[in-house]
Number of protein chains: 2
Amino acid sequence: MPSQRYKLTLSYRGTAYHGWQTQSLVPTYKGPTPLPGHGIPTIQEILSRALGRIIRHPITLVGSSRTDAGVHAKGQLAHFDTDQTQIPPENIRRALNHSLPPDILVRRIEPVDDSFNAVTSTTDKRYQYVLWNAPDRHPFAADLMWHRWQNLDLPAMQSAAAHLVGTHDFASFARPGHGRESTIRTLLDCSISQRGPLIVIAVHGTGFLWNMVRIIVGTLVEVGQHRIPPTDIPNILAARTRTAAGTTAPPHGLYLHWIRTRPTTLYPTSSPT
Amino acid sequence: MPSQRYKLTLSYRGTAYHGWQTQSLVPTYKGPTPLPGHGIPTIQEILSRALGRIIRHPITLVGSSRTDAGVHAKGQLAHFDTDQTQIPPENIRRALNHSLPPDILVRRIEPVDDSFNAVTSTTDKRYQYVLWNAPDRHPFAADLMWHRWQNLDLPAMQSAAAHLVGTHDFASFARPGHGRESTIRTLLDCSISQRGPLIVIAVHGTGFLWNMVRIIVGTLVEVGQHRIPPTDIPNILAARTRTAAGTTAPPHGLYLHWIRTRPTTLYPTSSPT
């Protein structure tokens, strides 16, 4: 039977997992003590095992975005190939969600043609970072938001964010060891909205460096606390060194919102929402 | 120094704990295999240990409601006595929240006179049960709502709920082994509201039997699925036996919303919200 490629759209709460995939630096880690999260399964491992059991042969699952440990996803993308095409996609999806842990959900499975690739077909991504800005933490969602009790100057954060939009060298906003040749990226949007104690920082761009969104958020929060003036952002970008920017926000407030991909010839891709 | 009584108002996510307190039947359990949750700490244990460390002597924490494993609380009440009255209550609260796990939050600590007792001063309680009524589960809140994918007939559930309001013998809605002499209780309100896929069943009464709210919810959901006609509720009450009612809803959708207590002479108690 001819092999068929499928596109997966999924959501997960990252709290219990060691990220989408063991980061490349982990296997080469030679430290004396095990890394945090060592031995904790990755979402990719759990998904490919469950998929393999359902379509009755091992599969390779290619994910679009390698979310770090603790990071959540509303619209992660992945693809895999199988020649077991007699199983309708919706049945695969139902069987998958039935066998997956409750904090992982496959939202959609679509057949796509072989030109689709979860990594190379990506055109742009949107992240959300959720802050809980109140004196007391939120006991029901402590692992889903970053609790900041200090007053945050939103207008200052918004004017700082405006300096980041556009095409810049984001070397100051990249975790060293990202292993990318170029650190030039394009931010299409960086907007901050508030509803009561909830502050959501949306970051939309065509490509991101390792920890880029978390370093942007950590820096914007320091702007909100008047530790960094908004007008310093251009200098921080110009410095092109990690130490110039603010702290890295913790992973548990970060959500991969959606990923847009190039349409494939055979099938329209889902419109991001 | 004279002993002073303090009233605690707290919220917690019950997912990781073996309930507020080990249920009385657990220590007498003689089964071959350990009980589920055996060895998992209770919220009472964690709180009293943290309190004891802060006020530097062991304390006895008396809780108002013994929430089961997995059940959440927005407004649980407790009281304790200490002669370390030189520490301001708000400082005790801050130190407590600092040392407690992120899924437990002490909202208020108030000095009260000795006539206040978290158990005997209670006049009425309100519970909320949250249903997620959608085809797919909610991966970010799977442990905070009961996922029911079937269509639920809300008007049928509401007319069934109306039959439960008032003073009745709720023996059919009590888990056997509750050890209460009388099974007659008074429901002041049982209302059902919906906002999109969220359905909230609010149950307000002067007293509850073991698992009473969860059995009420399980029965109402079966009414919503047309397995039980709303007009059967009076017969179910009259049967006065557990098997007459529907299934017991799982603990993870249940929230202890608030507890109202008799005002004490010295201090006004907090108004429930």
Side-chain angles (χ1 to χ4, degrees), chain A residues 8-17 20 43 46-47 50 67 70-76 90 93-109 128 130 132 134-149 197-198 250 252-257 273, chain B residues 8-17 20 43 46-47 50 67 70-76 90 93-109 128 130 132 134-149 197-198 250 252-257 273:
Chain A
L8 254 75
T9 310
L10 59 137
S11 304
Y12 48 83
R13 171 184 197 151
T15 310
Y17 305 103
W20 167 259
I43 291 133
I46 291 174
L47 252 175
T67 55
V71 172
H72 318 289
K74 293 180 179 181
Q76 168 73 292
E90 182 56 19
R93 190 185 84 90
R94 287 228 185 82
L96 252 181
N97 286 332
H98 187 74
S99 63
L100 285 170
D103 49 9
I104 303 177
L105 177 72
V106 175
R107 297 202 174 274
R108 202 184 281 110
I109 297 186
Q128 290 176 318
V130 181
W132 177 250
D136 288 332
R137 62 176 168 259
H138 193 312
F140 300 124
D143 60 329
L144 296 172
M145 314 185 284
W146 186 25
H147 177 217
R148 299 282 78 195
W149 51 91
L198 275 181
H252 64 270
L254 183 59
Y255 295 74
L256 172 59
H257 189 184
T273 45
Chain B
L8 254 77
T9 309
L10 58 137
S11 303
Y12 48 84
R13 172 186 195 149
T15 309
Y17 305 103
W20 167 260
I43 291 133
I46 291 174
L47 252 174
T67 55
V71 172
H72 319 291
K74 293 180 179 181
Q76 168 74 290
E90 182 57 20
R93 192 185 83 90
R94 287 226 185 83
L96 252 182
N97 285 332
H98 188 73
S99 63
L100 285 170
D103 49 10
I104 302 177
L105 177 74
V106 176
R107 297 201 174 274
R108 201 185 283 111
I109 297 187
Q128 289 175 318
V130 181
W132 178 249
D136 289 333
R137 62 176 169 259
H138 194 311
F140 300 124
D143 61 329
L144 296 172
M145 315 183 283
W146 186 24
H147 178 218
R148 299 283 78 194
W149 50 91
L198 274 182
H252 65 271
L254 183 60
Y255 295 75
L256 173 58
H257 188 185
T273 44

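First the proteins, then the strands, lettered A, B, ... as listed; each starts at 1. Keep in mind that this is a model prediction, so the values were computed, not measured.
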Is it the side chain or the backbone of A:Pro135 that comes within 4.5 Å of chain B heavy atoms, both, or neither? neither

Hey, could you give me the CZ/CG distance between A:Arg107 and B:Asp136, rounded to the nearest 0.5 Å? 6.5 Å

Can you see which heavy atom on B:Ile104 is nearest to which on A:Pro139, and at what distance? N-CB, 4.4 Å

Specify the closest pair of heavy atoms between B:Phe140 and A:Arg13, including all atoms of both residues, with the distance to one decimal. O-NH1, 2.6 Å

Can you tell which part of B:Ala16 gets under 4.5 Å to a heavy atom of chain A, answering side chain, backbone, both or neither? neither

Tell me if the CZ atom of A:Arg148 is crowded by more than 12 foreign heavy atoms within 6.0 Å. yes

Roughly how far, to the nearest 0.5 Å, is the CG atom of A:Asn97 from the CZ atom of B:Arg137? 5.0 Å

